[in-house]
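Note sheet for the following structure.
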Amino acid sequence: MLATFSGLLAQTAPIEQTTTESRHVLHLIWNADPMVQLTIYILLAFSVVSWAIIIAKYRQLKQSKARSLQFFQLFWDSKNLNDISAKRGSRKGPAYEIFEAAQESAVNNRTVARKEALERDIRRAYSDEIEQLEYGVPFLATTASASPFIGLFGTVWGILNAFWKIGQTGASSLSIVGPHIAEALIATAIGLAAAIPAVIFYNMFVNQIRRNGKDLHDFTEVLIDRVEQENYGARA
């Protein structure tokens with residue numbers, strides 16, 4: 001019984017210690033210099049927005065990849081484009097949106113003289129879909145590059161406050177300068193916490209968008225051929 005109770009105490013102690021440390025960190029932030037607080041709040045805002053983009057973009061890219069693959073299968077299995085329009089079995093995705101734009105443009109540009117307008121409309125639809133896939137990703141690059149420097153600014157400001165206190169009091173004890181150095185290091189830590197996930201997911205998303213973009217580009221070129229063949233005969 002005593003051994004069990006001792007084991008429970010050993011497991012509870014780290015939790016209590018972590019809670020106490022968290023309270024100390026929050027206390028330091030709450031009582032930090034206004035400039036350091038502003039720096040921390042800016043970094044927290046960067047981090048929150050970055051994570052919102054990361055979650056949304058992860059879902060978007062996963063969903064668009066799955067729906068595009070589904071539509072590619074439908075596209076290759078169909079003998080003509082009208083069959084695809086009749087089936088309506090594919091959920092909307094980048095490939096589907098490009099196809100819809102192609103069908104609409106083919107209706108509006110029926111003459112051979114309007115073939116260039118048709119191609120332009122299809123390629124514009126492709127560019128719009130790539131732009132949708134890329135939306136928000138540059139903010140991750142901005143967060144990854146700017147957050148460490150913003151955190152460094154807060155660190156430098158906190159250290160300057162520590163030296164200022166030393167100059168005012170004439171004492172360099174840890175109890176006087178420690179809180180200012182601690183709040184300065186918190187700014188650095190938050191800056192890195194915002195930057196590291198941003199740079200990791202930025203590189204991952206750029207790679208996924210590049211692969212998805214290549215598939216959509218190849219699909220767009222084949223789609224232009226099929227639309228022109230079914231509406232104007234062989235492509236010139």
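The distance from atom CD1 of Ile186 to atom OG1 of Thr155, rounded to the nearest 0.5 Å, is 10.0 Å. Atom-to-atom distance recorded for Lys62:NZ and Lys65:NZ is 13.5 Å, nearest 0.5 angstrom. Thr39 OG1 to Ile190 CD1: the interatomic distance, rounded to the nearest 0.5 Å, is 10.0 Å. In this structure, the separation between CD on Glu134 and OG on Ser127 is 9.5 Å, given to the nearest 0.5 Å. To the nearest 0.5 Å, atom CD1 of residue Ile122 and atom CD1 of residue Ile98 are 9.5 Å apart. Interatomic distance, CG of Leu43 versus CZ of Phe46, reported as 8.0 Å (0.5 Å rounding).
The side-chain heavy atoms of Leu69 and Phe72, taken from C-beta on, include a pair separated by under 4.5 Å. Side chains of Ser64 and Leu133 form a contact here, defined as non-hydrogen atoms less than 4.5 Å apart. For the pair Met204/Asn207, no side-chain contact is recorded, criterion being any heavy-atom separation below 4.5 Å from C-beta on.
Shown here for Gln60 and Gln132, the closest heavy-atom pair between the two residues is NE2-O, 3.2 Å. Here the closest non-hydrogen pair linking Phe205 and Tyr58 is CZ-N, 3.8 Å. Taking every heavy atom of both residues into account, Leu216 and Pro94 meet most closely at CD1-CB, 3.7 Å. In this structure, Leu118 and Ala106 approach most closely via the heavy-atom pair CD1-N, 3.6 Å.
Cluster annotation: Ile196 is not connected to Val206 through the hydrophobic network of ILVMFWY side chains, with a link wherever side-chain heavy atoms come within less than 4.5 Å. In the hydrophobic cluster analysis, where Ile, Leu, Val, Met, Phe, Trp and Tyr join through side-chain heavy atoms closer than 4.5 angstrom, Ile54 is grouped apart from Val48. Grouping the Ile, Leu, Val, Met, Phe, Trp and Tyr side chains by contacts below 4.5 angstrom, directly or via other members, places Phe149 apart from Met35. Put simply, Trp157 and Leu152 are part of two different groups of oily side chains (I, L, V, M, F, W, Y) that touch within less than 4.5 Å, one to the next. Note on Tyr41: it does not cluster hydrophobically with Leu192, by side-chain heavy-atom contacts below 4.5 Å among ILVMFWY residues.
Applying the side chain to side chain contact (heavy atoms under 4.5 Å, CB included) test to Ala144 and every residue at least two apart in sequence or in another chain returns Ala198, Val199. Residues satisfying the salt bridge (Lys or Arg N to Asp or Glu O under 4.0 Å) test with Arg211, not counting sequence neighbours, are none.
Checked by atom type and distance alone, the side chain of Ser105 never pairs as donor or acceptor with a backbone atom of Ala102 at under 3.5 Å.
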Give the C-alpha distance, both sets of side-chain angles, the deciding distance and a yes or no for side-chain contact (heavy atoms from CB on, under 4.5 Å) between Leu81 and Leu223.
-> CA-CA 9 Å; Leu81 300 180; Leu223 178 62; 4.3 Å; yes
Take Arg123 and Glu119 through the salt bridge (charged side-chain N to carboxylate O under 4.0 Å, His left out) test and state the conclusion after the steps.
-> CA-CA 6 Å; Arg123 290 198 168 94; Glu119 293 184 21; 3.3 Å; yes
Could you give me the CA-CA distance, side-chain angles and deciding distance for Asp218 and Val222, then say whether side-chain contact (heavy atoms from CB on, under 4.5 Å) is met?
-> CA-CA 6 Å; Asp218 295 341; Val222 174; 5.7 Å; no
Assess whether side-chain contact (heavy atoms from CB on, under 4.5 Å) is satisfied between Arg124 and Asp128, documenting all intermediate values.
-> CA-CA 6 Å; Arg124 184 184 296 116; Asp128 291 342; 4.0 Å; yes
Pair Tyr126-His217, side-chain contact (heavy atoms from CB on, under 4.5 Å): steps then yes or no = CA-CA 7 Å; Tyr126 161 77; His217 179 269; 3.6 Å; yes
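A donor-acceptor pair shorter than 3.5 Å can be found between the side chains of Asp77 and Gln73.
With Phe75 as the aromatic partner, Arg226 meets the cation-pi criteria of under 6.0 angstrom to the ring centre and within 45 degrees of the ring axis.
A centroid separation of 6.0 Å or more is found between the aromatic rings of Phe219 and Phe99.
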